[in-house]
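Read the structure below first, then the notes.
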There are 2 protein chains.
Amino acid sequence: MGRPRGFDEATVVRSAAELFSTRSYDGISMDDLVTHLGVHRNSLYKTFGSKRGLYLVALRWSLRHHIAPLVDRVAAAGDLAGALRVALGEPATEAGLNLLLMAAVERAPVDPEVADELAPVLAAFDQAARTAAGRHPDRDEQDDDGVALALTATILGLRLRARAGTPGTTIDQAGAALAHRLTRHT
Amino acid sequence: MGRPRGFDEATVVRSAAELFSTRSYDGISMDDLVTHLGVHRNSLYKTFGSKRGLYLVALRWSLRHHIAPLVDRVAAAGDLAGALRVALGEPATEAGLNLLLMAAVERAPVDPEVADELAPVLAAFDQAARTAAGRHPDRDEQDDDGVALALTATILGLRLRARAGTPGTTIDQAGAALAHRLTRHT
DNA sequence: ATTAGTCAAGAACGTTCGTTCCTAAACTCC
DNA sequence: GGAGTTTAGGAACGAACGTTCTTGACTAAT
């Protein structure tokens with residue numbers, strides 16, 4: 001009963017995640033959200049409670065629909081070089097990684113709930129990289145774990161470089177070279 | 001002539017850089033700066049023009065006094081493993097790297113002047129990593145450049161992980177393992 | 001001693017922020 | 001076809017933002 005809502009909640013969440021991936025949390029106003037999402041203020045507050053509530057929902061959506069599949073593809077990559085190619089190759093995941101980047105840098109330190117959302121995702125990232133790396137009996141196990149952690153860091157770092165303005169060709173070069181090197185020595 | 005100023009400009013800039021390294025640009029208000037720096041509003045505006053002006057001066061100060069020396073130590077490290085240890089080992093540079101991190105992620109995309117400040121610094125970082133890696137005649141030159149780029153990305157990525165809440169021991173493990181691996185294959 | 005110039009202190013400015021209130025419209029159920 | 005309920009729309013709220021203005025304190029040169 002009651003008037004039916006004139007918007008699709010899933011669509012709104014997806015659009016919000018996209019918007020939050022372009023600028024910082026504080027850099028996006030409620031007016032921006034209202035304008036960009038085409039949904040009125042009142043509806044947003046009714047549905048998500050607050051700006052932070054909408055942000056958290058959008059973040060969780062992005063982690064689930066963008067990052068989680070990426071993690072799966074990394075795990076299935078076979079080797080570290082493939083994992084790197086998978087993580088950096090797909091432009092569709094750029095928005096998800098950007099949102100993850102900003103959540104980690106500027107939100108997690110001041111919002112414990114954001115930190116709690118990120119921790120398992122980053123751990124899963126590490127685990128996936130670990131899986132992609134495979135076991136090598138002649139190598140120290142801790143060593144492999146550490147390299148997997150470093151791979152996650154490298155993916156995020158390269159994405160950060162791209163966001164900071166480093167040309168895409170340079171990023172691609174770094175990714176390709178690292179993949180090449182990792183492959184040769186694995 | 002005139003009343004002498006009751007604060008040291010260099011000290012203020014250093015304190016501002018430290019404060020800006022803890023939270024996002026928008027997350028720090030002018031009141032926060034006035035309180036933390038112990039300098040009055042009017043003096044800050046007289047000296048730096050605006051909040052953004054103070055931020056830019058603080059950013060440049062940090063790049064020059066924290067990042068530039070770090071880049072030099074990376075270049076002098078001798079090999080990639082040493083470069084990684086140098087970059088992650090010193091807690092004194094954490095503030096500088098955090099500020100660099102947030103500047104790259106959230107300011108550079110919306111403030112061209114910040115992007116212009118960061119670009120040469122990141123390029124210098126790459127160059128230093130390139131120097132630390134050294135030349136290996138049996139290896140492709142582009143390959144070495146790419147690995148140097150990746151090292152910069154890894155340093156930033158690991159620093160990001162630390163900021164997002166990943167335990168320090170985990171970060172250290174990743175750094176040590178990567179250093180170990182790089183050393184063995186270099 | 002007076003004057004001119006700079007700085008400190010704090011009130012106050014107009015805007016913008018996130019949020020809430022109020023009313024009209026649109027639907028289901030009885 | 002009212003009654004009841006939920007949404008849409010827009011105005012309006014207090015608070016906080018970056019910035020400016022006004023006043024009084026202080027110092028150096030005249």
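Computed from heavy atoms alone, side chains included, the values below leave out hydrogens, waters and symmetry copies. Here is how names work: the chains are called A, B, and so on, in the same order as the sequence lines, proteins then strands, and each is numbered from 1.
Across all strands shown, B:Ile28 has heavy atoms under 4.0 Å from sugar-phosphate atoms exclusively, and none from any base.
Between B:Tyr25 and B:Tyr55, the ring-plane angle classifies as perpendicular under the 30° and 60° cut-offs. Classification of the A:His66-A:Trp61 ring pair by plane angle, with boundaries at 30° and 60°, yields perpendicular.
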Next on the checklist: What verdict does the side chain to side chain donor-acceptor pair (under 3.5 Å) test give for B:Asp32 and B:Ser29, after you've listed the backbone C-alpha separation in whole Å, the side-chain angles of each residue and the deciding distance to 0.1 Å?
Outcome noted: CA-CA 5 Å; B:Asp32 291 335; B:Ser29 71; 3.3 Å; yes
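Residue A:Lys46 contributes atom NZ, which lies 15 Å from atom P of D:dG9 at whole-angstrom precision. The nearest whole Å value for the distance from the OH atom in A:Tyr25 to the C1' atom in C:dC17 is 11 Å. Taking atom CG of A:Asn42 as the reference point, atom C1' of C:dA26 lies 15 Å away to the nearest angstrom. Rounded to a whole Å, the CE atom of A:Met30 is 7 Å from the P atom of C:dT19. The distance between atom CZ of A:Arg52 and atom P of C:dG18, rounded to the nearest whole Å, is 14 Å. As rounded to whole Å, 17 Å separates atom P of D:dT7 from atom OH of A:Tyr45. Taking atom CG of A:Leu44 as the reference point, atom C1' of D:dG10 lies 14 Å away to the nearest angstrom. C:dT16 atom C1' lies 9 Å from atom CG of A:Asp31, rounded to whole Å.
Each of A:Asp32 and A:Gly49 was assigned the nucleotide of DNA chain C with the nearest heavy atom; the assignment lying further toward the 5' end belongs to A:Asp32.
Picking from C:dA11, D:dC17, C:dT19 the nucleotide with the shortest atom distance to the side chain of B:Arg41 gives C:dA11. When each of C:dA8, D:dG10, D:dT20 is scored by its nearest atom to the side-chain atoms of A:His40, the top-ranked nucleotide is D:dG10.
Between the side chain of B:Thr131 and the main chain of B:Gln127, a donor-acceptor pair closer than 3.5 Å is present.
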